[in-house]
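Indexing begins at 1, ligand by ligand and atom by atom, following the structure's order.
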Amino acid sequence: MAEAAIDRGDTEDLRRRQLIQATIESLADVGFVNCTLGDIARRAGVSTGLVAHYFGDKDGLLEATLRAMAARLGRSAAARLRAARTPRARVQAVIDANLAPEEFDRRTSSVWLAFWGQVLHSARFRRVQNVYQRRMLSNLRHALKQAVPPRDAETIAVAISAMIDGLWLRATLSGDGELDNAGARALATAFADAELARARPAAAPAAPAVARSGAEPVRNHVGGAPIRSAGRETFASVNPATGEVLAEIEIAGEPEVERAVAAARSGQAVWGAMTGAERGRVLKRVADLLRARNEELARLETLDTGKPIQETVAVDVLSGADAIEYFAGLAGTITGEHVDLGPRAFGYTRREPLGIVAGIGAWNYPLQIACWKAAPALACGNAMIFKPAELTPLTAVKLAEIMAEAGVPDGVFNVVQGFAETGRMLTGHPEIAKVSLTGEVGTGRKVMADAAQTLKHVTLELGGKSPLIVFDDADLDDAVSGALLGNFYSAGEVCSNGTRVFVQSRVRAAFLERLVARVRRMRVGDPLDPATQVGALISEEHMNKVLGYIERGRREGAALAAGGERVTAGALGRGFFVAPTVFDACSDEMAIVREEIFGPVMAVLPFEDEDEAIARANDTPFGLAAGVFTKDLSRGHRAIARLQAGTCWINHYNVTPIELPFGGAKQSGLGRENSKAAIEHYTQLKSVYVNLGPIEAPY
Ligand code: NDP
């Protein structure tokens, strides 16, 4: 008796699920109005009467369908929440469940949209919708209450859930690929991070702590684990906002570099033998871990670089994760080609890894640079030995730990620490096949010369003094935004900055007025304060170099329109802060116009016509980047085609999506990072001729 009841229950349940599935298909195919009981019955292969028997009328069936979809989403969120270990991870679980790829599937999304459109007219649908919204809110609220004060938890929960719904809607409705599920997820993640950073109680403990006396030094990371240096020599990493020592770092000498090369050799043998898809799967886990630890890593990057937390939490870690995710996706697509050589032969090429690659990083975007280099190198099957700049050694080690945790085989990604001498051990090492450097032009020359001894491949991402041209028809507020982004982001320590701002004479006064008003409102302050927009420069020495250029600008006759001084108010006096500085009435011969300052110093230069602007913009040995602001698109494209630069923007500045190649022309560099173009720089082609017939020999 009991068994029969269970059987009947199972059958009914099965039938209901079958009818709900048919309803989803009908809604997806013919839309809300044309979805009738008859159509649903036909799809399920049953009579209309049977559908009515189970669900009453069309509304009953639709309500059951909406409940089923909301329940599936609820189960997916609950499973993710169970696996999440921290409050931040629980917030992420909600984001990930709601913005999961399956929620963007065309059928699923068209069904959700059909319901959303009816919610206003149907109390039954509204009830289900309310349950779904309340569940999302309470999951978020519960997680947030453990991270921020209760009032903030409430408003942030509402803001994140609105953001999730808005992003889903936007991505679903934008047919032109403006936003996909990964993009929506990244935006929601960045938004949640920014909200949390803003709301975190001021008294939150600083993690990681400033080095305590007796603390263990940070070690070189070789063969998947930290190793002790034979020489035990260390250097200190200093927080540029306070002058405090963050950590002592062990220097890699000859023995450690040799160990790293040996580890890379055996790691590469394993890694290079895996299929691209397998490597991609592991790298995707690295990207996920980076995103999950965004907050912790952003904080460490802010301590090490002095950059504002509002930047590091939104850009540094996430753009590194983007790179790893992008190349994880490409890893399985790297192939050679077949070449037809007639009926008696054919040829093919194999795209093979280079072997061991050295990455040498600059100090302005330490983690991002490590990811931008490691991502293509590893996707192509190489092993990497990375040396961070000695001023910012901390986050590369975290990346190595994350690689190990994600399952990257030992020895595939190693970090050696030290100064130029350690770098030179890499550039001169005969077993290293390639060097990718981000640094100054002078360093680029030395690295290339050293690499030439063993004929290594080189990619050089070097400095710049890039032009940003504002024509008189430009949207001036946008042009000012571009100039601010292109000069003061990361306190001006960005290689591609548009520090020569050419403004057409007719709009110069208006441009300057709006620019200066906005510069004066910028907040220089403690980099850990989420409201801070301009943080510290990297070191005292670098600050003095920047202040020296400002002094030279004054002496050479440029007119100071804003800033121009070190900022020492309150606790800032302990660090290396310089106010965002604008010079007007600059001329092309001035040192502040010719040389890379790598600080928050903008030079405004008037011009009369297009030919003049282009000629002056190109009058530099650098060629990293260029930007043009104009509403005349023909002029925009014409001007960009004539500008000698590797990376250009029309009506924007300093955006670097991973899908586009990044790199310099002239003395700003060789090779390209990011995009499919990077694959060329981390692989070599092997050509294979295959004979299919007898060999004709004259002997
Ligand atoms: P540096 O050129 O001083 O240093 C870059 C890296 O090279 C550091 O890790 C440095 O070690 C190492 N190094 C220095 N000399 C040698 C050598 N002879 N052989 C091997 N390695 C060496 O640059 P910064 O760190 O000062 O960075 C700022 C510069 O980087 C600016 O010019 C900026 O424009 C450029 N840059 C370019 C980017 C691009 O993509 N085009 C992006 C970001 C920055 P250590 O620091 O330990 O001495």
Run the numbers for me: atoms of ligand 1, each under 4.0 Å from some heavy atom of [X], listed by number.
X: Phe662; value: 40 (O)
X: Glu440; value: 1 (P), 2 (O), 23 (O), 26 (O), 29 (C), 30 (O), 31 (C), 32 (O)
X: Asn364; value: 43 (C), 44 (C)
X: Thr443; value: 1 (P), 2 (O), 3 (O), 7 (O), 13 (N), 14 (C), 15 (N), 16 (C), 22 (C)
X: Leu437; value: 6 (C), 7 (O)
X: Glu461; value: 37 (C), 38 (C), 39 (C), 40 (O), 41 (N)
X: Val447; value: 19 (N), 20 (C)
X: Gly463; value: 32 (O), 34 (O)

Is ligand 1 under 4.0 Å from a heavy atom in the side chain of [X], in the backbone, in both, or in neither?
X: Glu673; value: neither
X: Ile360; value: side chain
X: Leu624; value: side chain

List the closest protein heavy-atom neighbour of [atom]: residue, atom name, distance to the nearest 0.1 Å.
atom: atom 28 (C) of ligand 1; answer: Phe598 CE2, 3.6 Å
atom: atom 20 (C) of ligand 1; answer: Gly423 C, 3.5 Å
atom: atom 41 (N) of ligand 1; answer: Leu462 O, 2.7 Å
atom: atom 27 (O) of ligand 1; answer: Ala362 CB, 3.3 Å
atom: atom 38 (C) of ligand 1; answer: Cys495 SG, 2.9 Å
atom: atom 10 (C) of ligand 1; answer: Lys387 NZ, 4.0 Å
atom: atom 31 (C) of ligand 1; answer: Glu596 OE1, 3.5 Å
atom: atom 17 (C) of ligand 1; answer: Arg424 CG, 3.8 Å

What residue among [options] forms side-chain contact (heavy atoms from CB on, under 4.5 Å) with [X]?
X: Leu354; options: His681, Lys434, Lys456; answer: Lys434
X: Trp649; options: Val628, Ile640, Asn654; answer: Asn654
X: Ser237; options: Leu391, Asp304, Leu303, Thr392; answer: Asp304

State, to 0.1 Å, how close [X] and [Y] come at their nearest heavy-atom pair, and which atoms those are.
X: Ala264; Y: Asn414; answer: CB-ND2, 3.8 Å
X: Leu547; Y: Glu565; answer: CD2-C, 4.2 Å
X: Cys586; Y: Leu605; answer: O-CD2, 3.5 Å
X: Lys465; Y: Ile592; answer: NZ-O, 2.9 Å

Heavy-atom count around [X] [atom1] within 6.0 Å, excluding the residue itself: above 12?
X: Lys666; atom1: NZ; value: yes
X: Glu541; atom1: CD; value: no
X: Arg424; atom1: CZ; value: no
X: Lys398; atom1: NZ; value: no
X: Met448; atom1: CE; value: no

Leu300 side, atom CG; Asp316 side, atom CG - distance, nearest 0.5 Å: 11.5 Å

Under 3.5 Å: N/O of Glu390 near N/O of ligand 1: yes

Option set Gly439, Gly361, Gly418, criterion heavy-atom distance to atom 6 (C) of ligand 1, minimum: Gly361

Closest to atom 24 (P) of ligand 1 among Trp363, Phe235, Phe386 (heavy-atom distance): Trp363

Ligand 1 contact by Gly663, heavy-atom criterion under 4.0 angstrom: no

Non-hydrogen atom of Gly664 closer than 4.0 Å to ligand 1: no

Test log, rule side-chain contact (heavy atoms from CB on, under 4.5 Å), inputs Arg616 and Arg500: CA-CA 10 Å; Arg616 289 170 62 196; Arg500 293 183 294 144; 5.7 Å; no

